[in-house]
A.B. asks: 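Pasting a structure below so you can have a look.
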Amino acid sequence: MSTAGFNSQNGTGTGQTYTNGPSQNPVALQQPPGVGYGMNHQPAYNPMQAKVLGPPSPALYASGPYQPVPPGPQLGSYPPPPAQPLLTRPQIGVLPSHTPPQSASPGPGPRQAQATPPAQATPPPPAVTSTSYYTGPPAWQYAAPWGPAPNHVNPAAAAPPHMSHGSAQLPGPGAPPTSIHGYPQPGTAPPPMNPPPPHTYQPNRPAYGPPPTAPPAGPPGATGTPPPPKVDAGAAQPGPPGRHLGHYPSLPPGYQNTLAPPPSSLHPALQAATLPYTQGPQPYQQQPGGPGPDQLSPSMAAMSLQSGTPEALRVVNLLQERNLLPPAPVPAPTPCLTQDLQKLNCSPEVFRCTLTSIPQTQSLLNKAKLPLGLLLHPFKDLSQLPVVTSSTIVRCRSCRTYINPFVSFLDQRRWKCNLCYRVNDVPEEFMYNPVSRSYGEPHKRPEVQNATIEFIAPSEYMLRPPQPAVYLFVLDVSHNAVETGYLSVFCQSLLDNIKALPGDSRTKVGFITFDSTIHFYNLQEGLSQPQMLIVSDIEDIFLPTPDSLLVNLNECKELVQDLLKSLPNLFEKTMETQSALGSALQAAFKLLSPTGGRMSVFQTQLPNLGVGALQSREDPNQRASAKDVQHLSPATDFYKKLALDCSGQQVAVDLFLLSAQYCDLASLGCISRFSAGSVYYYPSYHHQHNPAQVERFQRDLKRYLTRKIGFEAVMRIRCTKGLSIHTFHGNFFVRSTDLLSLPNVNPDAGFAVQMSIEENLDDMQVVSFQAALLYTSSKGERRIRVHTMCLPVVSSLSDVFAGADVQAVTGLLACMAVDRSVTSSLSDARDAMTNAAIDSLSSYRQSALTIQQPGLLAPACLRLFPLYILALLKQKAFRTGTSTRLDERVFAMYQLKYQPLAFAMLIIHPALYRLDDLSDEGALNINERTIPQPRVLQLSVEKLSREGAFLMDAGLVMYLWIGRNCHQNFLSQVLGVSSYAAVPEKLCLLPELDTAESQRTRALVSWLRDQRPFFPSLHIIRDESQLKPHFMQNMIEDRTESALSYYEFLLHLQQQISK
Amino acid sequence: MIFLTVIARLADGLPLAASIQEDEQSGRDLQHYQSQAKQLLRKLDAQSPDRCMLEAGNMNFCYFISQGVCCLCLCDASFPKKMAFGYLEDLHNEFCEQYGKRVPAVTRPYSFIEFDTYIQKTKKSYVDSRARRNLSSVSTELQDVQRIMVANIEEVLQRGEALSGNQFGVKPQPVDQLSDSS
């Protein structure tokens, strides 16, 4: 690996020390890591800190200088560390009192509101509650299992596995891949840092003794469902909560004394550098200790809940574990439910919760400092969807919940709602099961067997007859628009796909074009050619012939096609530069309001005439400002108001923005945001100069025009009594507290909601969430799609942590941070995200960890959290100091809120693959195509090599970076060029060569593209390419001029946490 | 002007086809009339008179029943009765021609919503005064228009009783609140 070429990114050669340092031979490297980091990163660090971190607030970066964590010797380069912070370091065995310093700091209000749901108006409980909590529970949590444990130890499974694990780890240490592989497969031994000290076995024991603790917590889902299957280590398999309790063993006093850093030390940092290697193995010992049965059957472990938890709680010292990313995409965690329940549960692709174990009380949630919320992709294209036609849809009479797999049947005639607990009668009709054609088994009905189901709605679900599919296209035809050449692409795409527009014989279409005037097109049946009607009175817009502007597509197809063929030429010579978008939108609204439907608006410049005219608010000199970014909120409420009018008439507005200039997306975007539309953005679109954008536009249009669509939709999200939903993210209008108005719903839209716990969930083992989406299909059918998810309730903080879904947490935080950027400021949002990481890890350290160790500790399930937060801070939406166009920033913010989690994660944290050595090993085989599956690499230039070629998949865009000394083989077999120098400057297409290498590469790229509903353009770049900075900006783990490297960020977190 | 057209199965009032009202131009809120129409369709049965006009403020409901299919429309009080019934019969004939045989079997509401297209066209030809001239046939077919029964919609819906001595089967079905239907 050559890092020499990337000095500016990563410092000289430090990368290597970094990679290899902590993970390879820890014992030998006790000093080197420190040296490596310290020496090279620090000197430049302070100024930068002043630039980026300085302004925020003492709350975040209290005493300015970092504590010299690993590097003793380099202290000189820091301002002298004040003695005070060092003394406040947590001490083992002492009850944590760290919360106050944080919450008492100047910025607590907004920051904590961010980290915890806003509904919780009072600041989260500081040390007081946490203390009181911890004086109580630990008594039984940790002590109880200790005693009875030996009784429950399965002799066959207990001791021997321990031993074997211990020894199995010995050969492992150091090899970084091992640590990576170790984590997705808990069964295989993770590499310890060094041989475990004998006494570390003791703490493991309690892992086998949870049963005694389980009864108080109670296994989730025990009532109404069969108890968890008991595998052979039966006694060791209580309900899930019990399990994790066991993993936090109480320590013999002697143990604490041995390993605790002497509290008197003035240099905890030095201890951090020396101690981890004696303590490091500790967490690993716990992990194999927990899942006894898993060792017996790793495959079972992968699917059963028993294995997930201990691994999730494995303590990871982030400062030491370098290679955190799993080789394949990060999977969603599996909730700790009995297999029976989990089998029925909703797919995480549709429904995800930030915490797969719901805390029992709000105070417990506050203590975890993790946001509680749901991420939904409710209208996702599904390959299999059970559809039920029934004259009565069975719902709870009290809360209107749809019957679902998680209700309980008291007997054959009564069922109990899982949201409000009301007992309902089973209707006679429901007794018959149409699938099995049997009678008397209501629990076997499809409604009770599928967490995702669709109902054909009876007429009670219709306020009016189902509307037809109506599509209205509003096209910018000003001089600027004609220049971009988008019109011909649009017209051609629509011509190509006109037969594939979703709809039936009622489908209607219409067209409006505009510049400084509004042009309508009469397409009435019987006309020999389309008739253009120009309305120049834009102040008081009216419809010239209301009846013939929206026409039946079937009957007027030829006229429509004529129009599409002639439109591009119609305005070829236009000299009209003004844009009366506002009036055009008003006209379109008038046209659509009798029926509702979809309005697709294509805009290429800042609207500057009539209502809704905007002024440029962007100062290009401020694009790279490290200070706050202005103008993230709309300049006028015109677009929002119009969007709400549209919403009321079941009209959604989708905005396609194609522009090289500033268009004030922050204002324009409101038209889509509140009408449940979507926003597409093609910066610098030009039909000749930017072929990549043209291809993207074409592909996106194809998907847009042909994808499924739901009209006049509403979505309601219900949850079990005690939980309440309070903030929604996405594009919609909130009509009442829990009802989202979605004039259109499309399969590519994601939503997120925040929740709080209003009443304690004391006596509940599980809670459920149900999203019901009522919509009219393009065929005029009223349908209801219902998703139900069930999650366990837990009462201990470590269980809450164990269930954390780091991607969902990140996705939700991103949504919250977007809101914060707009309502408060960007810097505030950035602080809030950093604090979210600090708070949760600090809470974990103080309250969930029983053994205090030096380092930056995170449970394995949250080990990617700081990385993702850093990725967010460097994301276009939130970055500072790097030149970012305002519209691109705002668009990035829209994407974070709108994209379903899977795609949002790629936008936040791109995936990096090495392409020059692709092989068929582990490849997928789909439709007789072999798709190589290269491993995902950390986003750091140290992973690059000049001899290689690397693909970075950043969601909306992909970069294929060709190293200067790239193998000749790759150049000729994949790119079809003779040498590196022959790679063209602007290359967006992989040539179709008949070589195995070319086929593999193209298969991978097209497979990645097929996974998502939008089309990422591919840029093949050389080292000196113009686009290289874009590629490098995504190297999140490296330092940039204006942002911390990952390791520096970790040090920052650690310093804040240790305060 | 005809504001609302619904075609329903007589047996259970299941709506089969309808035409979206155009409230933007008329500026009226038709929601109330919609729910009245729905209730009315549930009350009608084989014993109901096959032609009837029900007054509803300054609007009239007109319906026509034949072959188990009921065509209902809402029009201005000033709209000629003759035209209204001509319109309904026209729709009925075409509808039964196209879908008549499938009517007894369907379960989904608005199964034949695509008939909307025909409704809209037909409506246009009846409403447009210039086009009406072509409909001279209407008058001859409907000489009997004077004998069509007239009643008040509110009374009918509240009493649930007969319009002309025929006993309506009282079907106490509450109109579901639509607002919480998701």
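Every chain is numbered from 1, with letters handed out A, B, ... down the list of sequences. Quick caveat: nothing in here was measured; it's all calculated off a predicted structure.
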A.B. asks: Under the side-chain contact (heavy atoms from CB on, under 4.5 Å) test against Thr117(B), which residue among Asp504(A), Asn554(A), Asn552(A) passes?
C.D. replies: Asn552(A)

A.B. asks: Asn522(A): what forms a side-chain hydrogen bond (donor to acceptor under 3.5 Å, both in side chains) with it, not counting sequence neighbours?
C.D. replies: Gln531(A), Ser548(A)

A.B. asks: Side chain, backbone, both or neither: which part of Ala457(A) has a non-hydrogen atom closer than 4.5 Å to chain B?
C.D. replies: backbone

A.B. asks: Is the count of non-hydrogen atoms from other residues, nucleotides or ligands lying under 6.0 Å from Glu94(B) atom CD greater than 12?
C.D. replies: yes

A.B. asks: With side chains defined as the heavy atoms from C-beta onward, is the minimum distance between Pro465(A) and Ile113(B) less than 4.5 Å?
C.D. replies: yes

A.B. asks: Tell me if a side-chain donor or acceptor on Glu114(B) pairs with a main-chain N or O of Ser505(A) at a distance below 3.5 Å.
C.D. replies: yes

A.B. asks: Hey, is CZ on Arg422(A) packed in by over 12 heavy atoms from elsewhere, all under 6.0 Å?
C.D. replies: yes

A.B. asks: Working to the nearest 0.5 Å, report the span between NZ of Lys38(B) and CE of Met462(A).
C.D. replies: 7.5 Å

A.B. asks: Quick one: what part of Gln770(A) sits under 4.5 Å from any heavy atom of chain B, side chain, backbone, both or neither?
C.D. replies: neither

A.B. asks: Is the shortest heavy-atom distance from the side chain of Pro109(B) to the side chain of Glu460(A) under 4.5 Å?
C.D. replies: no

A.B. asks: Mind jotting down which residue pairs meet the salt bridge (charged side-chain N to carboxylate O under 4.0 Å, His left out) criterion with at least one end in residues 95-113 of chain B? Sequence neighbours excluded, please.
C.D. replies: Glu781(A)-Arg108(B)

